[in-house]
S.K.: 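Once you've had a glance at the structure underneath, I'll fire off some questions.
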Amino acid sequence: MFLIFLRSLVFNVLFYAVLVCLAIAALPTFAMPPRAMLTIAEWWAKATLLLMRVVCNIKVEFRGTEKIPRGPLVVVAKHQSFWETFVLPGFFDHPIFILKRQLMQIPVFGQFLVKIGMIAIDRKAGVKALLDMTRRAREAVRGGRQLVIFPEGTRRAPGAPADYKTGFAQIYSSCGVQCLPVALNSGLFWPRRTFMRYPGTLVVEFLDPLPPGLPKDEFLSRVQAAIEGATGRLVEAGRKEQEQLIGSAPSYRGAGS
């Protein structure tokens, strides 16, 4: 475990060093079209994947990429780690996220989010926030963008009970486009609330798209069943691999609670 600690420490130093360098490199892109900023973000994701493999012995597999529809789309993804927030956008032509308003207040990073058109939400604003979020999401998707939503609203540790909110179903209905469910097991390797990075094979699986126009209850049921079923399978396989690599699967904060 000491070796994993050491590798995690080295990884984090290099990860943030790369981030600072790319943030400086991104400054001229504030005067360019948003695509230039997204390109810098894609470089960051690719550099991170390389560091994960070389430093931490974390391999990454992307399954079902052939299922990703072209054009306007609602993407509903499991959220276990910070990792997927900057890696998933690389699979879409013009991605957009819904995120908490506080992120917009971070110097430089907040301006970057504004520049590329991310949708900020004030979670304390209740129904008004949901209506505004839905309107802006509909406009963005009908303009050709791919909207990425984490339906549980925040990161959930592997094994924690599902906690799907209903607001994303309203957005899906309003946008009138296909929905792409995404399962993953990133929380096993890049857990929340710790700098530790554990070895193994991180898997992201793009599942069968759902058609537009499904009734709300049917949509909620099918999305949750698809994502939770696939995620459970990926987490179980990842834990077995970690037991072989390091003797036992690490414990994760919030699992089962």
S.K.: Between Met1 and Phe5, is there a shared hydrophobic cluster once you connect ILVMFWY residues whose side-chain heavy atoms come closer than 4.5 Å?
M.R.: yes

S.K.: So do Ile96 and Met118 actually touch side chain to side chain, heavy atoms under 4.5 Å?
M.R.: yes

S.K.: Are the side chain of Asn12 and the backbone N or O of Phe195 linked by a donor-acceptor pair below 3.5 Å?
M.R.: yes

S.K.: Do Val18 and Thr48 pass the side chain to side chain contact (heavy atoms under 4.5 Å, CB included) test, and can you show the C-alpha distance, the side-chain angles, and the key distance before you say yes or no?
M.R.: CA-CA 8 Å; Val18 169; Thr48 300; 5.9 Å; no

S.K.: Please lay out, stage by stage, how Phe30 and Met37 fare under the test side chain to side chain contact (heavy atoms under 4.5 Å, CB included).
M.R.: CA-CA 8 Å; Phe30 279 95; Met37 280 192 169; 3.2 Å; yes

S.K.: Using a strict 4.0 Å threshold on nitrogen-to-oxygen distance, state whether Arg70 and Asp93 make a salt bridge.
M.R.: yes

S.K.: If only atom types and distance count, is the side chain of Asp163 paired as donor or acceptor with the main-chain N or O of Glu152 below 3.5 Å?
M.R.: no

S.K.: If every non-hydrogen atom of Val75 is compared with every non-hydrogen atom of Leu73, which pair is closest and at what distance?
M.R.: CG2-CD2, 3.8 Å

S.K.: What closest approach, in Å, do Gly144 and Pro72 show between heavy atoms, and which atom pair accounts for it?
M.R.: CA-CG, 3.9 Å

S.K.: State the CZ-CG distance between Arg222 and Asp217, to the nearest 0.5 angstrom.
M.R.: 13.5 Å

S.K.: Suppose we call two aromatic rings close when their centres sit under 6.0 Å apart. Are Phe11 and Tyr16 close by that rule?
M.R.: no

S.K.: Is Val13 reachable from Val55 through a run of hydrophobic residues whose side-chain heavy atoms are each under 4.5 Å from the next?
M.R.: no

S.K.: Could you tell me which non-hydrogen atom of Met52 sits nearest to which non-hydrogen atom of Val60, and how far apart they are?
M.R.: CE-CG2, 4.0 Å

S.K.: Rounded to the nearest 0.5 Å, what separates atom CG in Leu3 from atom CZ in Arg7?
M.R.: 4.5 Å

S.K.: Taking all atoms of both residues into account, what is the closest heavy-atom pair of Pro95 and Leu38, and its distance?
M.R.: CD-CD1, 4.3 Å

S.K.: Please round to the nearest 0.5 Å and tell me the distance separating atom CD of Glu139 and atom OG of Ser174.
M.R.: 9.5 Å

S.K.: Side-chain contact, heavy-atom cut-off 4.5 Å: Cys56 with Leu51?
M.R.: no

S.K.: I need the minimum non-hydrogen distance between Ala183 and Thr231, along with the two atoms involved.
M.R.: CB-OG1, 3.3 Å

S.K.: Is any NZ, NE, NH1 or NH2 atom of the basic residue among Lys240 and Glu236 found under 4.0 Å from an Asp or Glu carboxylate oxygen of the other?
M.R.: yes

S.K.: Starting from Ile227, can I reach Tyr172 by hopping between I/L/V/M/F/W/Y residues whose side chains sit under 4.5 Å apart?
M.R.: yes

S.K.: Starting at CG of Leu131, measure out to CD of Gln170 and round the result to the nearest 0.5 Å.
M.R.: 8.0 Å

S.K.: Would a single hydrophobic cluster contain both Leu202 and Val87, if residues Ile, Leu, Val, Met, Phe, Trp and Tyr are joined by side-chain heavy-atom contacts under 4.5 Å?
M.R.: yes

S.K.: Is Lys46 salt-bridged to Glu42, cutoff N-O under 4.0 Å?
M.R.: no

S.K.: With the side chain counted from C-beta on, respond yes when Phe91 and Val204 share a heavy-atom pair under 4.5 Å apart, and no when they do not.
M.R.: no

S.K.: Counting the benzene-type ring for Trp, do Phe206 and Phe62 have ring centres under 6.0 Å apart?
M.R.: no

S.K.: Look at Glu84 together with Arg155 and state whether they make a salt bridge at an N to O cut-off of under 4.0 Å.
M.R.: no

S.K.: Indicate yes or no: at least one non-hydrogen side-chain atom of Lys78 is less than 4.5 angstrom from one of Glu228.
M.R.: yes

S.K.: Counting distance only, does the side-chain N/O of Thr194 pair as donor-acceptor with the main-chain N or O of Pro191 below 3.5 Å?
M.R.: no

S.K.: Are the side chains of Pro161 and Arg156 in contact, using a 4.5 Å heavy-atom criterion?
M.R.: yes

S.K.: Hey, are the side chains of Leu184 and Val203 touching, using non-hydrogen atoms and a 4.5 Å cut-off?
M.R.: no

S.K.: Salt bridge check, Glu61 against Arg63: does any charged N sit closer than 4.0 Å to a carboxylate O?
M.R.: yes

S.K.: Could you point out which residue of Phe150, Phe168, Phe97 forms a ring pair (Phe, Tyr, Trp, His ring centres under 6.0 Å) with His79?
M.R.: Phe150

S.K.: At what distance, to the nearest 0.5 angstrom, does CG of Leu188 lie from OG1 of Thr201?
M.R.: 11.0 Å

S.K.: Measuring from Thr29:OG1 to Arg35:CZ, what's the distance to the nearest 0.5 Å?
M.R.: 11.5 Å

S.K.: Applying side chain to side chain contact (heavy atoms under 4.5 Å, CB included) to Leu180 and Val74, what does each step give before you reach the verdict?
M.R.: CA-CA 6 Å; Leu180 178 69; Val74 172; over 6 Å; no

S.K.: Where is the tightest heavy-atom contact between Trp83 and Ser186, given as atom of each residue plus distance?
M.R.: CE3-CB, 4.0 Å

S.K.: Evaluate the side-chain proximity of Phe15 to Trp44: yes if any heavy-atom separation is below 4.5 Å, no if none is.
M.R.: yes

S.K.: Between the main-chain N or O of His94 and the side-chain N or O of Gln146, is there a donor-acceptor pair closer than 3.5 Å?
M.R.: yes

S.K.: Report yes if some heavy atom in the side chain of Ile149 is under 4.5 Å from a heavy atom in the side chain of Leu147; otherwise report no.
M.R.: yes

S.K.: Do Leu49 and Leu22 sit in the same hydrophobic cluster, where Ile, Leu, Val, Met, Phe, Trp and Tyr count as joined when their side-chain heavy atoms come under 4.5 Å apart?
M.R.: yes

S.K.: Between Arg197 and Ser8, is any side-chain donor less than 3.5 angstrom from a side-chain acceptor?
M.R.: no

S.K.: Are Trp190 and Met196 close enough, and set up right, to give a side chain to side chain contact (heavy atoms under 4.5 Å, CB included), and what steps lead you there?
M.R.: CA-CA 7 Å; Trp190 189 311; Met196 294 293 285; over 6 Å; no

